[in-house]
Amino acid sequence: MTRSIRLWATALLAVTTMTSSGCFLLAAGAGAGAAVAYTNRGATANIEGGVNGVFDRAVRTFGIMSITETGRSTEDSGNTRRLVGKMGEHEVTVEIQRQSDNVSTVEVTAKKNVVDYDKEIATRVLETMVK
């Protein structure tokens, strides 16, 4: 019972976060306790863990998926971290923002150029992080 309540709370938080930030929700699925949803440019989810722990998962995911890291940054006193890499002709960006001590919001985008985004790649990256 507690797990399903936590799952619903996480999903509600994800939807609230996405709608309040102007993201367009197209579809949602559940995986390992995190609701993964499409945005207008990629995929997003609230993931259990602090920003640094979730960032480490992103780095491991880049290795698993053969994404070559091209940059990383830390902002807002460590409350926001970004990891950027190349996967073929796509630039993959993982942005992690602190929601609480134990929850981070992750948005993944994969773009070919300024206007062409690949939601499928972004979703695969995020789902690999959630596993």
Side-chain angles (χ1 to χ4, degrees):
M1 182 73 161
T2 303
R3 179 166 167 75
S4 63
I5 291 171
R6 187 172 25 169
L7 179 61
W8 281 108
T10 302
L12 179 62
L13 181 60
V15 170
T16 303
T17 301
M18 287 181 289
T19 56
S20 68
S21 67
C23 295
F24 181 64
L25 179 64
L26 295 174
V36 176
Y38 293 110
T39 67
N40 55 355
R41 298 183 309 154
T44 188
N46 287 332
I47 298 178
E48 287 188 39
V51 171
N52 291 331
V54 174
F55 184 85
D56 291 342
R57 290 164 79 176
V59 171
R60 280 193 300 273
T61 297
F62 272 33
I64 291 167
M65 297 185 70
S66 300
I67 301 170
T68 304
E69 182 181 331
T70 59
R72 57 174 68 189
S73 65
T74 303
E75 301 169 5
D76 190 25
S77 300
N79 288 320
T80 301
R81 294 196 68 185
R82 186 174 294 110
L83 183 65
V84 181
K86 291 291 279 179
M87 181 181 189
E89 58 189 6
H90 292 88
E91 179 182 81
V92 178
T93 303
V94 177
E95 185 168 319
I96 305 159
Q97 292 185 324
R98 179 184 186 275
Q99 292 300 315
S100 70
D101 289 342
N102 299 318
V103 177
S104 298
T105 298
V106 179
E107 183 174 6
V108 180
T109 58
K111 65 181 180 179
K112 195 173 190 179
N113 55 48
V114 178
V115 295
D116 292 324
Y117 288 86
D118 191 323
K119 293 179 189 177
E120 183 179 318
I121 291 174
T123 302
R124 281 190 292 148
V125 170
L126 188 54
E127 287 175 345
T128 302
M129 284 180 64
V130 170
K131 290 180 185 177

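Note that this is a predicted model, so its numbers are computed, not measured.
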**Q.** Closest non-hydrogen atom pair, Arg72 against Phe55
**A.** NH1-CE2, 3.6 Å
Q: Enter the distance from Arg57:CZ to Lys131:NZ here, rounded to the nearest 0.5 Å.
A: 12.5 Å
Q: Identify the two heavy atoms, one from Ala35 and one from Ala45, that lie closest to each other, and give their separation to 0.1 Å.
A: O-CB, 3.2 Å
Q. How long is the span from the CG atom in Asp56 to the CE atom in Met129, to the nearest 0.5 Å?
A. 10.0 Å
Q: Could you grab the distance from atom CZ of Arg124 to atom CG of Asp118, nearest 0.5 Å is fine?
A: 7.5 Å
Q | Nearest heavy-atom neighbours spanning Gly78 and Val51 | A | O-CG1, 3.6 Å
Q.
With rounding to the nearest 0.5 angstrom, report the CZ to CD distance, Arg81 to Glu95.
A. 12.5 Å
Q) Do any N or O atoms from the side chain of Thr105 and from the backbone of Asn46 form a donor-acceptor pair under 3.5 angstrom? A) no
Q: Mind listing the closest non-hydrogen atom pair of Ala58 and Ile96 along with its distance?
A: CB-CD1, 4.5 Å
Q.
Lys112 and salt bridge (charged side-chain N to carboxylate O under 4.0 Å, His left out): which single residue from Glu120, Glu89, Glu91 fits?
A. Glu89
Q | Euclidean distance, Arg98 CZ relative to Asp76 CG, rounded to 0.5 Å | A | 9.5 Å
Q. Would you say the side-chain atoms of Arg82 pair up with the backbone N or O of Ser73, donor to acceptor, closer than 3.5 Å?
A. no
Q.
Check whether Thr93 reaches the backbone of Thr109 with its side chain - one donor and one acceptor, N or O, closer than 3.5 Å.
A. no
Q | Separation between CD1 of Ile67 and OG1 of Thr61, rounded to the nearest 0.5 Å | A | 7.5 Å
(Q) Checking side chain to side chain contact (heavy atoms under 4.5 Å, CB included) between Val106 and each of Val130, Val125, Leu126, which is the one that passes? (A) Leu126
